[in-house]
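First up is the structure itself, then whatever we jot down about it.
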Amino acid sequence: MSFSTTLETPQTGKYEQPTGLFINGEFTHGVDKKTFESINPTTEKPICAIQEATEKDVDIAVSVARKTFEETWRKVTPEQRSRYLLKLADLFERDLDTLAAIESLDNGKAFSMAKVDIGMCAGCLRYYGGWADKIEGKVIDTNSETFNYTKQEPIGVVGQIIPWNFPLLMWAWKIGPAVACGNTVVLKSAEQTPLGALYAAKLVKEAGFPPGVINILSGFGKTAGAAIAAHMDIDKVAFTGSTVVGRQIMKAAAGSNLKKVTLELGGKSPNIVFNDADIENAISWVNFGIFFNHGQCCCAGSRVYVQDGIYDKFIEAFKKRAGANKVGDPFAQDTFQGPQVSQLQFDRIMGYIDTGKKEGAKVEIGGERHGDKGFFIQPTIFSNVSSEMKIMQEEIFGPVCSIGKFSTEEEAIKLGNATTYGLASAVHTSNLNTAIRVSSALRAGTVWINQYNMLHHQLPFGGYKESGIGRELGEAALANYSQTKTVSIRLGDALF
Ligand code: NAI
Ligand code: MG
């Protein structure tokens with residue numbers, strides 16, 4: 001069997017799409033030879049069938065990853081680990097258009113935006129390639145009788161479970177630091193968007209990684225995902241997705257081998273606009289903050305708080321701006337917003353829109369589906385949204401913005417923090433002191449000032465409160481993929 005099929009996109013023409021599980025450097029079928037279909041959210045039609053991993057395939061991939069870790073990968077020099085990652089980054093750039101087109105096909109994201117994602121993947125892989133041979137310990141002086149040093153060692157076999165909203169970016173964020181630190185990986189992609197991860201697996205092979213260092217499984221959460229979380233021979237699990245599943249992963253880790261856990265979960269991030277903000281700029285960033293990636297961002301600026309002096313003017317201008325966002329075919333050049341990823345997500349979001357209407361919030365624009373085919377939803381803005389309303393409290397994960405009003409800085413901070421989440425936040429003001437005071441008071445892992453959604457592989461990203469545990473990106477991620485060993489050598493005579 002070839003485990004590959006020919007697909008076509010408007011941007012790339014025909015290309016070869018791998019469809020197997022990627023284990024030990026080869027594409028293969030699952031033990032049960034089951035397959036499932038990935039859906040194109042623009043047409044609602046299946047794209048192709050791919051092999052489905054079950055618990056048995058997780059077992060096989062983990063034993064391969066363990067063997068590779070012990071027998072091969074541990075002996076590979078940090079410099080060589082660096083070279084593999086740098087090469088992989090180059091290959092992502094070489095195949096940028098194909099990878100971006102796969103994202104548009106499988107996830108529905110606008111092709112122009114998908115290209116930015118892939119550029120960021122390459123940036124992230126290259127950045128961690130740069131780190132691989134700079135992960136160092138310390139010599140620690142305690143007294144003249146001992147010589148002490150620390151080493152940063154890999155954790156071992158790492159299980160990674162990623163979501164569908166940034167299929168390849170999450171792949172790169174997870175694999176880059178794990179491999180740089182010397183771990184081997186079993187990664188499960190999201191069932192809605194398995195195609196990019198498999199194409200990237202082909203690039204892993206081309207980059208020359210020893211077989212078994214990076215293993216990629218397509219499959220479902222309740223089966224393959226749960227098997228990763230509960231596996232007795234996985235040393236660490238890293239998860240990005242819903243808070244509900246994040247809790248299950250922690251429980252499964254606690255109930256099995258107490259594997260280390262990092263979680264990057266949901267958010268309901270506040271985007272706060274003060275009277276003295278440059279209003280045109282603020283509107284651009286608020287628009288991008290919520291409607292970028294069709295609102296399917298863990299850090300989306302979904303709660304917008306506007307100060308009373310500019311509230312009415314802001315709403316009028318924001319309506320115009322959001323109304324001009326082009327919704328449609330992800331492959332059309334001027335498209336900003338494509339379809340939501342799945343029927344399930346579409347239904348969830350439409351449910352929240354109904355709730356907002358019933359709760360008495362005012363629909364400023366949108367509030368309906370867009371067109372009659374594909375999972376498209378109109379950019380939707382609710383104003384007069386009070387703190388208790390569900391649409392101000394719960395993560396909607398769609399193109400739905402909830403706006404409230406505030407008078408004082410103190411009130412803005414209080415509203416901003418009035419959530420169980422703490423992933424991101426933003427402040428728009430021309431006053432430096434306001435910006436610094438408010439950013440210090442907000443309980444969130446990221447605070448953007450006069451911008452939004454501007455992630456960078458050098459900058460740590462992760463959640464306060466129920467938005468997660470640990471940090472991704474930057475030097476901070478290395479701490480989540482390595483462990484400190486202390487070696488203490490006796491120089492002096494026996495003490496006891
Ligand atoms: P999800 O949390 O169910 O899925 C994310 C990943 O976890 C997928 O790979 C899935 O297969 C896996 N998974 C699901 N159940 C699992 C289990 N029991 N054990 C191990 N792995 C499991 O998220 P879903 O249902 O796709 O989206 C629901 C909501 O989650 C969204 O509406 C959004 O609010 C939030 N979400 C947040 C994301 C983020 O970036 N933080 C990304 C995706 C969703
Ligand atoms: Mg799909």
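Counting starts at 1 for both ligands and their atoms, in listed order.
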- prompt: Parallel, tilted or perpendicular: which describes the rings of Phe22 and Phe27, with under 30° parallel and over 60° perpendicular?
  reply: tilted
query: How are the rings of Trp448 and Tyr452 set relative to one another: parallel (under 30°), tilted (30 to 60°) or perpendicular (over 60°)?
result: tilted
Within a distance under 4.0 Å of any heavy atom of [X], pick out the atoms of ligand 1 and give their elements.
X      : answer
Gly225 : 19 (N), 20 (C), 21 (N)
Ile249 : 20 (C)
Gln248 : 17 (C), 18 (N)
Glu264 : 41 (N)
Arg348 : 25 (O), 27 (O), 28 (C), 29 (C), 32 (O)
Glu191 : 8 (C), 10 (C), 11 (O)
Ile161 : 6 (C), 7 (O), 9 (O), 12 (C), 20 (C), 21 (N)

Considering heavy atoms of the protein only, find what lies nearest to [atom] and give residue, atom and distance to 0.1 Å.
atom                    : value
atom 32 (O) of ligand 1 : Gln345 NE2, 3.0 Å
atom 2 (O) of ligand 1  : Ser242 OG, 2.6 Å
atom 35 (C) of ligand 1 : Glu395 OE1, 3.6 Å
atom 7 (O) of ligand 1  : Phe239 CE1, 3.1 Å
atom 39 (C) of ligand 1 : Cys298 CB, 3.4 Å
atom 24 (P) of ligand 1 : Trp164 NE1, 3.8 Å
atom 43 (C) of ligand 1 : Pro163 CB, 3.6 Å
atom 38 (C) of ligand 1 : Phe397 CZ, 3.4 Å

Can you name the nearest heavy-atom pair linking [X] to [Y], along with the distance?
X      : Y      : value
Leu473 : Phe461 : CD1-CB, 4.3 Å
Ala230 : Lys259 : C-NZ, 3.6 Å
Ser467 : Gly266 : OG-O, 2.7 Å
Asn271 : Ala426 : OD1-CB, 3.2 Å

Looking only at the side chains, is there a donor atom on one of [X] and [Y] sitting less than 3.5 Å from an acceptor on the other?
X      : Y      : answer
Asp106 : Asn40  : no
Thr420 : Lys268 : no
Thr6   : Glu16  : yes
Gln296 : Gln340 : yes

- prompt: Is the closest heavy atom of Gln192 to ligand 1 under 4.0 Å?
  reply: yes
- prompt: Going by heavy atoms, is Phe166 under 4.0 Å from ligand 1?
  reply: no
query: Phe292 and Trp285: ring pair (Phe, Tyr, Trp, His ring centres under 6.0 Å), yes or no, with the steps?
result: CA-CA 10 Å; Phe292 166 61; Trp285 288 112; over 10 Å; no
query: Would one find an N or O of Lys222, backbone or side chain, under 3.5 Å from an N or O of ligand 1?
result: no
Any N, O or S atom of Asn40 closer than 2.8 Å to the Mg ion (ligand 2): no
task: Specify whether an N/O/S atom of Pro194 falls short of 2.8 Å from the Mg ion (ligand 2).
output: no
query: Looking at Phe92 versus Trp171, is the centre-to-centre ring distance below 6.0 Å?
result: yes
task: Decide yes or no on ring pair (Phe, Tyr, Trp, His ring centres under 6.0 Å) for Tyr464 and Tyr421, but give the supporting numbers first.
output: CA-CA 7 Å; Tyr464 277 33; Tyr421 292 116; over 10 Å; no
query: Restricting to pairs with a member in residues 229-246, which pass salt bridge (Lys or Arg N to Asp or Glu O under 4.0 Å), not counting sequence neighbours?
result: Arg66-Asp233, Arg66-Asp235
message: Protein non-hydrogen atoms only, distance under 4.0 Å: does atom 4 (O) of ligand 1 have such a neighbour?
response: no
statement: Nearest heavy atom to atom 9 (O) of ligand 1, choosing from Ile162, Ile349, Val245, Val341, belongs to Ile162
statement: Nearest heavy atom to atom 13 (N) of ligand 1, choosing from Gly221, Gly266, Gly267, belongs to Gly221
- request: With the Mg ion (ligand 2) at the centre, find the angle made by O from Ile39 and O from Gln192, to 10°.
  value: 150°
query: In a check of side-chain contact (heavy atoms from CB on, under 4.5 Å) between Ser425 and each of Asn417, Val438, Leu442, Ile272, which one passes?
result: Leu442
- request: Using a 4.0 Å heavy-atom threshold (strictly under), name the region of Ala229 that reaches ligand 1: side chain, backbone, both or neither.
  value: neither
